[in-house]
Each structure stands twice: as structure tokens, then as C-alpha cells.
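Got a structure here, written out as C-alpha cells. Questions coming.
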Amino acid sequence: MSFVNKIELRKIEVSPSILSADLANLAAEVKKIENVADYVHIDVMDGHFVPNLTYGPIVAKAVKRVTDLPLDSHLMIDNPEDFVDDFCEISEIVSVHYESTHHLHRLIQRIKEKDVKAFVALNPHTPIELLQDIIMDVDGVLVMSVNPGFGGQKFIPNALNKIKRLNDIRRKTGLTFKIEVDGGINEETFEYALNAGADVLVAGSYIFNSEDPTAAVKTLKG
Ligand code: DX5
Ligand code: ZN
């Protein structure tokens with residue numbers, strides 16, 4: 001069976017990031033992708049872990065009220081322990097950065113105890129090998145393909161190496177963690193990410209800056 005066929009058999013999920021949506025019309029923006037997307041990606045930034053500020057649990061709860069899509073919350077904050085319970089209440093996936101906590105194992109267990117999927121996110125410079133002793137505990141790895149903080153940046157090609165290495169680990173160990181990729185995903189880069197082994201595509205500007213966000217999600221789903 002060709003590699004392309006294997007991709008077709010795999011379930012590919014798309015998680016549109018509202019970072020690039022019209023935040024003054026969030027409910028209408030989410031409606032545009034509701035019938036085609038798999039999640040709504042919530043980029044939480046604190047002005048410390050990343051050089052930008054976005055929204056916290058209050059806005060995320062407002063999004064939750066206007067959609068049936070599950071929330072995929074990406075915490076780009078220092079001291080994620082302070083907010084993780086709030087996001088577990090409303091999310092199907094909570095991603096915490098490897099670089100943001102001294103006690104990743106404890107934090108992952110705390111998320112899973114709430115029956116929420118615990119993903120660990122890696123900045124572009126963080127090697128996947130650092131996950132060796134936690135990979136069996138996580139539900140997914142979020143590979144950052146831009147430096148976190150802003151939408152509309154260019155895809156960093158080395159992310160593909162990281163996705164491939166994670167996919168190899170998955171094959172060799174039989175573990176079933178998902179591989180999510182975030183940053184610079186568009187009509188060109190998504191295929192590279194899928195070929196490397198990604199299962200969940202996060203895209204912000206490509207979807208919400210397009211004339212037709214529904215069609216943009218469909219393009220990513222192939
Ligand atoms: C970046 C965020 C991303 C961002 C992606 O810090 O984590 O989710 O919204 O935006 P695009 O798709 O425009 O690179
Ligand atoms: Zn994100």
C-alpha cells in the first residue's frame with residue numbers, strides 16, 4: 001500500500017484557531033467552520049511565556065456556549081497550573097508547553113484525571129527526545145511549526161523532522177498518541193505535515209483570512 005493510501009485511511013482532524021478570526025463577531029466566525037471542523041483551537045497567551053496577550057477562560061467559556069464543537073485549548077502561559085482546571089472544564093484537549101512547567105508529569109496526570117485529553121506542546125527548538133519519559137502518558141504531542149505568539153507566520157520546515165521522528169516512535173512502540181501541528185499551515189504546508197505523520201492540523205490565518213473559511217477547512221481535510 002502506498003504512503004498516500006495510508007494517509008487517506010487515517011482520520012485527519014482540523015482545528016481552526018480563532019486567533020485570526022474577527023474577535024468582535026466570534027459567534028458568527030465559529031459558525032462558519034462549525035459543520036466542517038473537528039475542534040475550535042483556543043490560543044491562550046499571557047504576555048510572559050509568549051510576547052502577546054489574547055484571551056483566558058472567560059472568552060473560552062463564551063465560545064463554548066455558542067458551539068457544539070469541542071474546544072482544543074493551547075496554553076501558552078507561565079504557571080499553567082493556575083488555569084488548567086478552568087480549561088479542563090470546557091475543553092476536550094488541553095495542551096501545555098513542555099517549557100512552561102517544572103512538573104509536567106503532575107500536570108499531565110491532573111488533566112487526565114478530569115477525563116480531558118492531555119497534549120504536550122513543544123516550541124520549535126525543543127527536541128522531541130525530551131519526551132522520552134513522558135510520551136507514554138500523553139494523549140498527544142503538539143508540534144509548534146512557528147515560534148508561538150502570533151498568527152500568520154511562516155512554517156518552520158524542521159517541524160517536519162520532528163513529526164517524522166514522533167511518527168517513528170509511535171510505530172516502534174505501538175503507542176497511540178496523536179500528533180498535532182500548529183503554525184503556518186496553509187494549502188501547501190498541510191500536505192507536508194500529513195506526509196510526515198501529523199493527524200491534527202491547526203490553522204488560523206489560512207482559514208479565517210480566507211473568503212470562504214468552510215472551503216479552507218475542506219481543503220485541509222483533503
Ligand atoms: C501561534 C498559535 C497558533 C496560531 C496559528 O502562537 O499557537 O495556533 O494561531 O496561526 P497561523 O495558522 O496563522 O500560523
Ligand atoms: Zn495554537
Side-chain angles (χ1 to χ4, degrees), residues 12-23 26 29-30 32-33 36-57 59-60 63 69-78 80 83-84 87 90-100 117-126 140-160 162-163 178-194 198-213 215-221:
I12 304 302
E13 295 180 311
V14 176
S15 187
S17 166
I18 56 166
L19 189 60
S20 293
D22 176 359
L23 295 178
L26 255 186
E29 291 285 84
V30 171
K32 291 179 187 168
I33 49 96
V36 282
D38 298 280
Y39 306 94
V40 181
H41 187 81
I42 309 284
D43 283 309
V44 183
M45 305 187 189
D46 67 349
H48 295 279
F49 182 72
V50 288
N52 199 4
L53 279 168
T54 54
Y55 24 77
V59 171
V63 173
L69 284 174
L71 301 193
D72 164 27
S73 298
H74 177 193
L75 305 189
M76 288 163 278
I77 58 177
D78 282 342
F83 289 99
V84 76
F87 282 96
I90 52 171
S91 307
E92 180 158 314
I93 297 173
V94 171
S95 289
V96 291
H97 269 263
Y98 176 89
E99 307 85 3
S100 70
K117 297 202 172 75
F119 282 34
V120 58
L122 298 179
N123 278 337
H125 72 278
T126 304
V141 180
L142 173 56
V143 176
M144 290 307 301
S145 39
V146 296
N147 285 293
F150 303 93
Q153 302 181 82
K154 206 165 165 283
F155 187 87
I156 298 172
N158 187 55
L160 298 174
K162 294 169 77 172
I163 295 169
K178 283 188 179 175
I179 305 174
E180 182 170 19
V181 57
D182 184 3
I185 293 292
N186 58 32
E187 73 279 1
E188 186 192 352
T189 54
F190 87 100
E191 286 191 303
Y192 304 145
L194 294 183
D199 317 284
V200 188
L201 303 169
V202 178
S205 53
Y206 173 67
I207 293 172
F208 285 107
N209 292 351
S210 101
E211 300 261 296
D212 185 349
V217 174
K218 283 186 183 162
T219 299
L220 298 183
K221 293 200 84 151

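None of these values were measured; they are calculated from a predicted model. For ligands, and for the atoms within them, numbers begin at 1 and follow the listed sequence.
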Considering only heavy atoms of Val202, which atoms of ligand 1 have at least one such atom less than 4.0 Å away?
->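 Selected atoms, number and element: 8 (O).
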
Which residue from Asp43, Ile42, Asn123, Ile207 reaches closest to atom 7 (O) of ligand 1 through any of its heavy atoms?
-> Asp43

Which of the ligand 1 atoms, numbered from 1, are nearer than 4.0 Å to a heavy atom of Ala203 |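 In order of number, 12 (O).
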
For atom 13 (O) of ligand 1, what is the nearest protein heavy atom, given as residue, atom name and distance?
->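 Answer, as residue, atom name and distance: Ser205 OG, 2.5 Å.
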
Heavy-atom count around Phe83 CZ within 6.0 Å, excluding the residue itself: above 12?
->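 12 or below, so no.
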
Tell me, which protein residue and heavy-atom name are nearest atom 5 (C) of ligand 1, and how many Å apart are they?
-> Asp182 OD1, 3.6 Å

Search all heavy atoms of Val146 against all heavy atoms of Ile156 and return the closest pair with its distance.
-> CA-CD1, 3.8 Å

Could you list the atoms of ligand 1 found under 4.0 angstrom from a heavy atom of Gly183?
-> 14 (O)

pair Glu29-Ile18: side-chain heavy atoms closer than 4.5 Å | no

For Met144, counting its heavy atoms only, list the atoms of ligand 1 lying under 4.0 Å from any of them.
-> 7 (O)

Under 4.0 Å from a heavy atom of Pro148: give me the atoms of ligand 1 that qualify, with their elements.
-> 6 (O)

Which heavy atom in His48 sits nearest to a heavy atom in Asp78, and how many Å separate them?
->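 Heavy-atom minimum between the residues: CB-OD2, 3.4 Å.
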
For Met76, the atoms of ligand 1 under 4.0 Å from one of its heavy atoms are 6 (O), 7 (O)

Can you name the N, O or S atom of Asp43 that is closest to the Zn ion (ligand 2)?
->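 Closest to the Zn ion (ligand 2) among those atoms: OD1.
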
Ser17 contact mode with ligand 1 (heavy-atom cut-off under 4.0 Å) = side chain

Go through ligand 1 atom by atom and flag the ones less than 4.0 Å from a non-hydrogen atom of Gly152.
-> 11 (P), 13 (O), 14 (O)

Which protein non-hydrogen atom lies closest to atom 6 (O) of ligand 1, naming both residue and atom, and how far is it?
->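 The closest heavy atom on the protein side is Gly149 N, 2.7 Å.
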
Between Asn123 and Lys162, which heavy-atom pair has the shortest distance, and what is it?
->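 So the minimum-distance heavy-atom pair works out to O-NZ, 2.9 Å.
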
Does any donor atom in the side chain of Ser17 or Asp43 lie under 3.5 Å from an acceptor atom in the other side chain?
->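 Ser17 vs Asp43: donor-acceptor pair found between side chains.
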
Work out which heavy atom in Ile12 is nearest to a heavy atom in Lys221; give both atom names and the distance.
->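 Closest heavy-atom pair between Ile12 and Lys221: O-CE, 3.5 Å.
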
Protein contact of atom 12 (O) of ligand 1 - nearest heavy atom, named by residue and atom, plus distance |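 Here the closest protein heavy atom is Gly204 N, 2.8 Å.
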
Where ligand 1 meets Gly151 - atom numbers and elements under 4.0 angstrom, heavy-atom basis | 10 (O), 13 (O)

List the atom of Ala60, the atom of Phe87, and the distance in Å for their closest heavy-atom pair.
-> CB-CE2, 3.7 Å

Considering only the protein, which heavy-atom contact is closest to atom 14 (O) of ligand 1, and what is its distance?
->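 So the nearest neighbour among protein heavy atoms is Gly184 N, 2.8 Å.
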
Protein contact to atom 1 (C) of ligand 1 [nearest heavy atom, distance to 0.1 Å] | Phe150 O, 3.6 Å

Out of the N/O/S atoms in Asp182, what is the name of the one closest to the Zn ion (ligand 2)?
-> OD2

Atom name of the N, O or S atom of His74 nearest to the Zn ion (ligand 2) is ND1

